[in-house]
Amino acid sequence: MRSSQFFLSTLKEAPSDAEVVSQKLMLRAGLIKRAAAGIYTWMPLGLRTLRKVEAIVREEMNRSGALELLMPAVQPAELWQESGRWEKYGPELLRFKDRHQRDFVIGPTHEEVITDVVRREVKSYRQLPLHLYQVQSKFRDEIRPRFGVMRGREFLMKDGYSFHASFDDLKREYQVMYDTYSRIFTRLGLQFRAVAADTGSIGGTGSHEFHVLADSGEDDIAYCPDSDYAANVELAEALAPATPRPAAGEALAKVATPGQTACADVAAFLKTDLTRVVKAIAVVSEDAEGKPHFALLLVRGDHELNEIKASKLAGLTDFRFASDAEVEQYLGCQPGYIGPVGVDAGKVRVIADRTVAAMADFVCGANEAGFHLTGVNFGRDLAEPAEVADLRNVVAGDPSPDGKGVLGICRGIEVGHIFQLRTKYAEALNCKFLDDNGREQVMEMGCYGIGVSRIVGAAIEQNYDDKGIIFPAALAPFTVAIVPMGYHKSDAIRDAANALYAELQAAGVDVLLDDRNERPGSMFADMELIGIPHRVVIGEKGLAAGQVEYKGRRDEAATMVARDAIVAHLLESLAK
RNA sequence: CGGGGAAUAGCUCAGCCUGGUAGAGCACUGCGUUCGGGACGCAGGGGCCGGAGGUUCGAAUCCUCUUUCCCCGACCA
């Protein structure tokens, strides 16, 4: 491509509402243009990169035996009503009516549609397993779209769905996908990690997220540097402390802590450590009859309650935080000074985090406004906790659940997710087949997603400098830029540039010849901003000596290469 | 949903307090000079100052409403 024939639209300054690096650079480099919140046009330059991601994803999916199809973005409401998600999905699901007042949705995902296709077409175990995938735009009406294409409302996704006659076969395919995804992200040149993920309400063991490691990521990942353990913090298990609870050493005392309601404030006020304080979190859950049950969840002052873990406890599914009135009703005290001491065990369920259960001489609210207790001990000042559970998020320094070291926490951008769905949708949508005994059985399903457009943002988050994007070669819109010094003034330069351009094209290289009548500084700045990995500068002096100048995007300085050797040199660099 | 902030040229912003003919830089057009790190000069084009009301002789500016966007929060007692 000649840049005079292409559409470059670079900006010196990023739009002021751009938040993260990738968003700023994508807008400055002219890869995308914003159409509305979370909705973007992919400009010709950005589309080249997006297509390269797609191509790699397709190649590897096809190689794994999956078959591509294309499902509609607009889906009938009936399927969603049948699966139950019409009610459950919430406002993220964009719904609308057609001219006949029939309900439709714009697909945020395609389990319903694919299951509908398969249940109509597949009747026999002989037709299984089957893995169908598509690369398609999705729409999710996010509350807060942000970070450009990283959390857009409309985005491009590869979504695949596999159907199996047995759970064992699903597990086999799941492993195939695990390996396929690892190959895809490796080919894309990304630093990533597969992490065990929460399986939500569906249960089961099989779910992994693939995260690109970047500080701007929205997810916290717990990983063990000494093993391959990695899990979303939502899921990572916090083990019970290795050392048993120390003996009580202090007497129980009630101290005035006027106005000190937050744990950190109480700790500072009492000149003690936050790790000596126990935080009581009041929650309420309703049972099948709609009767409220009140519970106190105890976690150490410096720890965070993990709501997903808490909601997995019996009777706490769908729990919510207690209102101030409820706290008052059950504990006779306003929030800020509540604690587990002296509560009515018949009315208030107390669940202690494993760490709390091993604490002695701790501080907690006195259930009296303006007062806290110090020197509190289980078994002396209050009953031993009736229930002990893992309630908190792991923190850096916690022991790894696999027993092989200490956890670290890093941020990640979720770019892939694989999931053993089991029979959730197949059952709801009556997707059955006849097994080899002629018996009707529900199909086992897996689903596998890759955020194609998000990958472009994630790749930039991982690869940039103060001059702009540094695309991994596999993603670069062009892999080589030819920058002639004086294309419009010198016949020799022009001829040399054109010749090299033709040679590289013939060699199958995605080459951009910057033949604009721009000053050198502008051309250099643009080629760097848009992240082209390799650059060849053709200048008068070098050319006279039979040389051109080569510089890799990450190189400190340029090197002179013989004109006759430059194509081979580039091909070698590209192959790396 | 709650709290902040913003909205003026394609982009980044000034002007608003203290009302009086709409500005700068970048980008764009033309001409000239320049040409190895985002050049310079001259001459241009481009705005319903987000929208609707109000106050006023007069509103980008003051008041009210509204829309949109951004940020933070929406457990951490």
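Within every chain, numbering begins at 1; the chains are lettered A, B, ... in the order of the sequence lines, protein sequences first and strands thereafter.
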Participant: Considering only the P atoms, how many Å lie between rA60(B) and rA52(B), rounded to the nearest integer?
Facilitator: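 Roughly 12 Å separates the two P atoms.
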Participant: So, Arg494(A) and Asp491(A), do they make that salt bridge, N to O below 4.0 Å?
Facilitator: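 Salt bridge: yes.
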Participant: Report, as a single string ordered 5' to 3', how protein heavy atoms within less than 4.0 Å touch nucleotides 26-38 of chain B: B base, S sugar-phosphate only, - not at all.
Facilitator: S-------BBBBB
Participant: When the distance from CD of Glu142(A) to P of rC71(B) is rounded to whole Å, what number comes out?
Facilitator: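 Computing the Glu142(A):CD to rC71(B):P distance gives 13 Å.
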Participant: Sequence neighbours excluded, which residues qualify as salt bridge (charged side-chain N to carboxylate O under 4.0 Å, His left out) partners of Asp465(A)?
Facilitator: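 In terms of salt bridge (charged side-chain N to carboxylate O under 4.0 Å, His left out), with neighbours along the sequence ignored, Asp465(A) is linked to Arg553(A).
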Participant: Between rG37(B) and rG32(B), how far apart are the P atoms? Round to whole Å, please.
Facilitator: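 Result for the P pair: 24 Å, nearest Å.
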Participant: Evaluate the side-chain contact (heavy atoms from CB on, under 4.5 Å) criterion for residues Leu270(A) and Thr374(A): first the C-alpha distance (whole Å), next the side-chain angles of each, then the deciding distance (0.1 Å), finally the verdict.
Facilitator: CA-CA 9 Å; Leu270(A) 296 175; Thr374(A) 65; 4.0 Å; yes
Participant: When the C1' atoms of rA14(B) and rG47(B) are compared, how many Å lie between them, rounded to an integer?
Facilitator: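 Each nucleotide's C1' atom is 15 Å from the other's.
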Participant: Would you sketch RNA chain B in dot-bracket for me? Only Watson-Crick or G-U wobble pairs with both distances under 3.5 Å count, crossing pairs as [ ], other-strand pairs as |, the rest as dots.
Facilitator: (((((((..((((......[..)))).((((((.....)))))).....(((((..]....))))))))))))....
Participant: Between the side chains of Glu92(A) and Arg153(A), is the shortest nitrogen-to-carboxylate-oxygen separation below 4.0 Å, so that they form an ion pair?
Facilitator: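 Salt bridge flag = no for Glu92(A) with Arg153(A).
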Participant: Rounded to the nearest angstrom, tell me the gap between atom CZ in Arg34(A) and atom P in rG10(B).
Facilitator: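 Roughly 15 Å, once rounded to whole Å.
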Participant: Distance check needed: rG10(B) P versus Leu27(A) CG, whole Å only.
Facilitator: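 Computing the Leu27(A):CG to rG10(B):P distance gives 17 Å.
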Participant: Mind calculating the distance between CZ (Phe147(A)) and P (rC71(B)) to the nearest angstrom?
Facilitator: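 Distance, rounded to whole Å: 7 Å.
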Participant: Is there a donor-acceptor contact under 3.5 Å linking the side chains of Thr257(A) and His372(A)?
Facilitator: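 Yes - a donor-acceptor pair under 3.5 Å links their side chains.
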Participant: What heavy-atom pair brings Phe319(A) and Glu307(A) nearest, and what distance separates the two atoms?
Facilitator: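 Smallest heavy-atom distance, with atoms named: CE2-O, 3.6 Å.
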Participant: Determine the Euclidean distance between corresponding P atoms of rG45(B) and rG50(B); express it in Å to zero decimal places.
Facilitator: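 So the two P atoms sit 23 Å from each other.
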Participant: Find the distance between CD1 (Ile32(A)) and OG1 (Thr41(A)) and round it off to the nearest 0.5 Å.
Facilitator: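 The CD1 atom of Ile32(A) sits 9.5 Å away from the OG1 atom of Thr41(A).
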Participant: For rU64(B) and rG73(B), measure between their C1' atoms and round to the nearest Å.
Facilitator: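 My reading of the C1' atoms in rU64(B) and rG73(B) gives 28 Å.
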Participant: Any luck finding a side-chain donor-acceptor pair between Asp302(A) and Thr275(A) under 3.5 Å?
Facilitator: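 Their side chains do not contain a donor-acceptor pair, so the 3.5 Å distance test is not met.
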Participant: Just how far is it from atom OG1 of Thr10(A) to atom CG of Asp526(A), taken to the nearest 0.5 Å?
Facilitator: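 That separation rounds to 3.5 Å.
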Participant: Using atom P of each nucleotide, how far apart are rG38(B) and rC31(B) to the nearest Å?
Facilitator: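 Comparing P positions in rG38(B) and rC31(B) gives a spacing of 25 Å.
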Participant: What interatomic distance, in whole Å, is found between C1' of rU33(B) and the corresponding atom of rU68(B)?
Facilitator: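 It comes out at 46 Å once rounded to the nearest Å.
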Participant: Contact class for Ala14(A) (heavy atom, under 4.0 Å): base, sugar-phosphate, or nothing?
Facilitator: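 The residue Ala14(A) makes sugar-phosphate contact but no base contact.
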